[in-house]
Amino acid sequence: MAEKLLLHTLIVLCPLFLYTIFFEKREGGGVYRPYLCATLQGAAVVLCMSFPIQANGFNWDLRYVPLLLTFLYGGLVPSGIVLAVILVFRLLLGGDAVAYGMVGAVLIAGFYFLLAGKFQTLRPRQRVLAAMGISLVSCVFPFGLFFLYHGWNGAMEQGSVNLVLFALFQAAAAGFAVSLTERTREINLMRREIQRAEKLNILGELAASVAHEVRNPLTVVKGFLQIMNEEQNEKHRGYTQLILSELGRAESIINDYLNFAKPQMQKVAVLHVVDVVNEVVTLLYSYGMKNGVEVECCPLDGLYIRTDKNQLKQALINLVKNAIEATPTGGLVQVCLAEEKGMAVITIHDTGKGMSKDQLARLGSLFYTTKDKGTGLGTMVSLRIIESMNGKAQYHSTPGVGTEVTVSLPLCDV
Ligand code: ADP
Ligand code: MG
């Protein structure tokens, strides 16, 4: 019996180990794979059910622990698959209590389903206890059916002590599995955070030195080209125009890098937010027109913040530009102002293509872009600047409908 208990515990923990050791994507946001999860947990269920623990003619196993884990961490599709595996395998095993076993599984799955949402809102510590509680309470269903099947006296003879033992052991296993899962998640999160910080550091240093060296000659070249532009025939003027615009692009990328390396707060002053927003909108109005997108401003007077104007402008320009670029011809980009709990709130709303959850998760990571000529720096720079101003930025996006970026910055007294 003890060997079987250990075996079952091992089976239940196996999916977690396999997943973290072999399948967890090593970098970036851990890509979640529902079918892999279903396969691993489904295999655990089959193994559990293949080696039932027998005591006083009463068979039990830990099949519901993988099911619970899938409901808590895997989502609906894998949970459905694991439930199906339990049902089919139970059918194959046969015996005279097949119907009871299957009804029990469905009832338990329903119970897990109801509680899974609530579980997500708990903190890691509470989760372990919650999982144990859920597991313990869920035993009501198979036990009820067990009594129904054997009748009260029969069931008591069969082994009521076993039932209690089983319930406790199952709860312990579930708690153990959940606490390991939470620990591994925490460690992975930490590792990712460290990797990110390291990357930022290296890039920052590199960017600062290279960008600085390149910017000066670029300015010289640009200046002379401008002079040449005035003295040339039509054909050559077209070329220099092109060179100038590409130089402008190079310059803005370099500025992005420099900014990214160190958002520089050079001239901190009290700003009237509506002025800055108006400037940004005016600046990008023609850019919007070129793309067939209307850029609109809904101003609000009386909001003052203390920060560097150029930095704030840079941050807003990147965000508004993204909004324009995401919006198809005929669309609308609105930049609105509001006050909320001592913060100036700037929302940039577009009717563009929006972003999926995956894209949202990757947004703001280095070099992430979906554009041919994109750099994947703009959002990152904006977020860094806003962060350095003690502000917050939040994205809400629906694919096909649009995106809303909410930037909140602390107000100051005038
Ligand atoms: P770039 O603009 O050079 O691609 P960004 O860091 O500014 O780099 O943006 C990264 C990516 O985020 C974009 O390529 C785009 O796919 C996505 N994105 C950013 N803002 C929006 C938005 N408002 N709507 C849709 N997608 C967006
Ligand atoms: Mg951009």
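Values reported hereafter were calculated over all heavy atoms of this structure, with side chains retained and with hydrogens, waters and symmetry mates removed. Numbering of ligands and ligand atoms starts at 1, following listing order.
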The reported gap from CD1 in Ile346 to CD1 in Ile305 (rounded to nearest 0.5 angstrom) is 6.0 Å

Protein N/O/S atoms closer than 2.8 Å to the Mg ion (ligand 2) number 1

Notebook entry, point to check: Are any side-chain N or O atoms of His272 and backbone N or O atoms of Gly302, one a donor and one an acceptor, separated by less than 3.5 Å?
Noted result: yes

Does any N or O in the side chain of Asp61 come within less than 3.5 Å of the main-chain N or O of Met49, such that one atom is a donor and the other an acceptor? no

Review point. Has the side chain of Lys4 got a donor or acceptor atom that lies under 3.5 Å from a matching backbone atom of Pro52?
Key: yes

Arg185 meets the salt bridge (Lys or Arg N to Asp or Glu O under 4.0 Å) criterion, sequence neighbours left out, with none

**Request:** Mark yes or no for whether Thr219, through its side chain, and Arg215, through its backbone, hold a donor-acceptor pair below 3.5 Å.
**Result:** yes

OG of Ser135 to CZ of Phe169, rounded to nearest 0.5 Å, is 11.0 Å

In chain-and-number order, ligand 1 lies under 4.0 Å from a heavy atom of each of Asn322, Ala323, Glu325, Ala326, Asp350, Gly354, Met355, Leu363, Tyr368, Thr369, Thr370, Lys371, Gly374, Thr375, Gly376, Leu377, Gly378, Thr379, Thr403

key: Gln120 side-chain N/O to Leu72 backbone N/O, donor-acceptor pair under 3.5 Å   = yes

With sequence neighbours left out, the residues meeting side-chain contact (heavy atoms from CB on, under 4.5 Å) with Val128 are Met132, Val178, Ser179

